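Notes follow the structure.
No experiment lies behind these values; they were computed from the predicted model shown. Chain A is the first sequence line, chain B the second, and so forth, proteins listed ahead of strands; every chain is numbered from 1.
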Amino acid sequence: DTAVSQTPKYLVTQMGNDKSIKCEQNLGHDTMYWYKQDSKKFLKIMFSYNNKELIINETVPNRFSPKSPDKAHLNLHINSLELGDSAVYFCASSQGVDTQYFGPGTRLTVL
Amino acid sequence: EDQVTQSPEALRLQEGESSSLNCSYTVSGLRGLFWYRQDPGKGPEFLFTLYSAGEEKEKERLKATLTKKESFLHITAPKPEDSATYLCAVPRRGSGNTGKLIFGQGTTLQVKP
């Protein structure tokens with residue numbers, strides 16, 4: 001009964017490819033997030049959706065496009081992958097601005 | 001600029017050796033401070049939320065406290081299984097209802113048996 005799940009856990013791909021990461025939460029939360037954690041362990045927010053509506057869009061390249069088909073799902077599509085996109089991407093969810101609960105992460109490696 | 005700074009960056013303790021981790025912040029009008037634990041290869045796991053100066057929360061060997069400028073995570077008689085990276089985060093000023101958190105860089109704790 002995983003609360004926040006992500007697929008895939010690992011993603012290895014070549015520069016220039018397009019890839020997607022999927023996230024699902026079964027906590028009944030109305031807000032979902034994407035974070036990026038770099039090699040220095042810094043967690044930085046990228047996007048947030050509330051009830052399927054985009055409410056946070058940090059300074060992220062246009063190559064990154066989130067999509068929320070419903071309140072329980074938030075996917076991240078990345079076009080034209082670059083070396084610098086290599087990182088661990090975490091999905092999280094919360095009820096409003098309450099505590100955020102994180103998924104297990106997707107380690108993206110761009111070769 | 002809103003900032004969250006954690007210290008030390010790394011901490012090595014012997015089993016049973018108590019210590020404290022620090023999280024200092026510059027956000028005014030604090031609307032909560034969150035502590036998370038992150039094990040290698042896993043996502044951050046929620047530990048505590050503190051809302052006002054003087055507030056304290058405990059869970060097993062961990063106790064979190066909050067002042068107007070910083071928070072401490074006290075670890076009493078730690079065990080090897082307490083080894084992890086501990087992260088603190090605060091909502092960014094002016095983030096309203098967006099839940100936009102600023103994270104510190106974390107303190108990596110290693111407890112040796």
Can B:L101 and A:Y35 be said to form a side-chain contact (heavy atoms from CB on, under 4.5 Å), step by step?
-> CA-CA 10 Å; B:L101 294 180; A:Y35 284 86; 3.8 Å; yes
Flag yes if B:L66 and B:L21 sit in one hydrophobic cluster, no otherwise; membership is Ile, Leu, Val, Met, Phe, Trp, Tyr, and two members link when side-chain heavy atoms are under 4.5 Å apart.
-> yes
Side-chain heavy atoms under 4.5 angstrom apart, residues restricted to Ile, Leu, Val, Met, Phe, Trp, Tyr: same cluster for B:L73 and B:V90?
-> yes
Taking atom NZ of A:K40 and atom CD of B:Q105, what is their separation to the nearest 0.5 Å?
-> 10.5 Å
If you draw a 6.0 Å radius around NZ in A:K9, do more than 12 non-hydrogen atoms from other residues or ligands fall strictly inside?
-> yes
Do the side chain of A:Y33 and the main chain of B:K100 share a donor and acceptor less than 3.5 angstrom apart?
-> no
Given A:T99 and B:Y36, is the side-chain contact (heavy atoms from CB on, under 4.5 Å) satisfied, shown in steps?
-> CA-CA 10 Å; A:T99 302; B:Y36 287 85; 4.0 Å; yes
Region of A:S94 that comes under 4.5 Å of a non-hydrogen atom in chain B = neither
For B:E9, look at atom CD and say whether over 12 heavy atoms of other residues, nucleotides or ligands are found less than 6.0 Å away.
-> no
Just wondering, more than 12 heavy atoms not from A:N62 lying within 6.0 Å of its CG?
-> no
What heavy-atom pair brings B:F34 and A:V97 nearest, and what distance separates the two atoms?
-> CZ-O, 4.5 Å
Derivation of the side-chain contact (heavy atoms from CB on, under 4.5 Å) call for A:F102 and B:F46 = CA-CA 8 Å; A:F102 286 78; B:F46 170 70; over 6 Å; no
More than 12 foreign heavy atoms under 6.0 Å from OH of A:Y10: is that the case here?
-> no
Has A:R63 got more than 12 heavy atoms of other residues, nucleotides or ligands less than 6.0 Å from its CZ?
-> yes
Measuring heavy-atom distances to chain B, does A:Q37 have an atom under 4.5 Å in its side chain, in its backbone, in both, or in neither?
-> side chain
Heavy-atom distance under 4.5 Å between the side chains of B:L87 and A:F42, does that happen here?
-> no
Kindly compute the distance separating NZ (A:K44) from CD1 (B:I102), expressed to the nearest 0.5 Å.
-> 10.5 Å
Of the backbone (N, CA, C, O) and the side chain (C-beta and beyond), which part of B:Q38 lies under 4.5 Å from a heavy atom of chain A, both, or neither?
-> side chain
dist A:I45:CD1 -> B:R92:CZ (nearest 0.5 Å) comes out at 8.0 Å
Same cluster or not: are A:I78 and A:L43 linked, directly or through other Ile, Leu, Val, Met, Phe, Trp or Tyr residues, by side-chain heavy atoms under 4.5 angstrom apart?
-> no
